[in-house]
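Just below is one structure, and these are the notes that go with it.
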Amino acid sequence: AAAFALGTAVEKSGLAGAISQTVTGLSGGNPMISLVAIYGGTLLLTELISHSAAVSLFFPIALGTAERLGVDYMPFVAAVTVAGSLGFATPLGYQTHMMVYSPGGYRFTDFLRIGIPMDLVCWIIAMITIPMVLPFAPR
């Protein structure tokens with residue numbers, strides 16, 4: 001529940017704007033590179049905290065990035081939601097991972113060994129399909 005308040009604080013404090021400015025600056029204003037960065041940041045955060053908290057924190061950053069690029073926000077929203085749902089490399093990001101962790105006799109390294117390749121495959125597929133379905137239309 002605190003993640004939603006923290007997401008609002010990220011937006012209201014100007015942190016989302018600063019991060020989105022950094023993303024667009026490092027990407028050279030390229031929407032595709034910015035999309036890759038937004039997806040990667042959300043995915044990394046999803047692996048460390050709950051998926052809903054990661055999405056709450058990255059949503060305002062994604063909106064700010066799209067606004068700075070002058071493109072439709074929907075590809076960025078899709079990237080955040082997909083990345084927030086597909087964190088497989090740790091048991092921390094999703095409650096069902098934690099539910100099977102101990103009873104299944106899994107180790108943390110089991111999640112890393114299988115989850116990192118799955119994360120990368122999903123990332124590649126998302127970066128191909130999101131711009132096809134939701135193009136970077138000018139705003």
Give a yes or no on whether Ile130 and Met118 share a hydrophobic cluster (residues Ile, Leu, Val, Met, Phe, Trp, Tyr; joining criterion: side-chain heavy atoms under 4.5 Å apart).
-> yes

Ile38 and Ala62: which non-hydrogen atoms are nearest, and at how many Å?
-> CG2-CB, 4.0 Å

What is the minimum heavy-atom distance between Val80 and Thr42, and which atoms define it?
-> O-CG2, 3.5 Å

ILVMFWY cluster, Leu63 and Val71 together (side-chain gap under 4.5 Å) = no

Connected via hydrophobic side-chain network under 4.5 Å: Val77 and Ile125 | no

Can Ile61 be reached from Leu43 by stepping across I, L, V, M, F, W or Y side chains whose heavy atoms are under 4.5 Å apart?
-> yes

Minimum heavy-atom separation for Gly7 to Leu57, with atom names?
-> N-CD2, 3.9 Å

Pairs involving residues 16-38, ordered by first then second residue, that meet ring-ring contact (aromatic ring centres under 6.0 Å, His included) (sequence neighbours left out) | none

With sequence neighbours left out, what residues match Tyr101 under ring-ring contact (aromatic ring centres under 6.0 Å, His included)?
-> Phe111

Taking atom OG1 of Thr24 and atom CD1 of Ile19, what is their separation to the nearest 0.5 Å?
-> 12.0 Å

Just by distance, with hydrogens left out, do Ser20 and Arg68 show a side-chain donor and acceptor under 3.5 Å apart?
-> yes

What do the steps show when you test Tyr73 against Arg139 for side chain to side chain contact (heavy atoms under 4.5 Å, CB included), and what is the final call?
-> CA-CA 9 Å; Tyr73 61 87; Arg139 294 269 296 142; 3.6 Å; yes

CZ of Arg113 to CD1 of Ile116, rounded to nearest 0.5 Å, is 11.0 Å

Within a reach of under 6.0 Å around CZ of Phe108, are more than 12 heavy atoms found that belong to other residues, nucleotides or ligands?
-> yes

Under a 4.5 Å cut-off applied to non-hydrogen side-chain atoms, are Tyr106 and His97 in contact?
-> no

Pairwise distance CD(Gln21) to CG(Leu26) - rounded to 0.5 angstrom | 10.5 Å

Tightest non-hydrogen contact, residues Pro60 and Val10, listed as CG-CG1, 4.5 Å

Closest non-hydrogen atom pair, Asp119 against Ala89 = OD2-CB, 3.4 Å

Report the C-alpha distance between Ile124 and Ile128 in whole Å, list the side-chain angles of each, state the deciding distance to 0.1 Å, and finish with yes or no for side chain to side chain contact (heavy atoms under 4.5 Å, CB included).
-> CA-CA 6 Å; Ile124 291 167; Ile128 293 169; 4.0 Å; yes

Any side-chain heavy atom of Leu35 within less than 4.5 Å of one from Met127?
-> yes

Going by the ring-ring contact (aromatic ring centres under 6.0 Å, His included) test, which pairs reach into residues 22-51, not counting sequence neighbours?
-> Tyr39-Trp123, His51-Tyr94

Distance, nearest 0.5 Å, that separates CE of Met98 from OG of Ser50 | 12.0 Å

Residue Met32 excluded, over 12 heavy atoms near CE under 6.0 Å | yes

Shortest non-hydrogen contact between Phe76 and Leu69, atoms and distance = CZ-CD1, 3.7 Å

Within one Ile-Leu-Val-Met-Phe-Trp-Tyr cluster: Phe88 and Leu120, side-chain cutoff 4.5 Å = yes

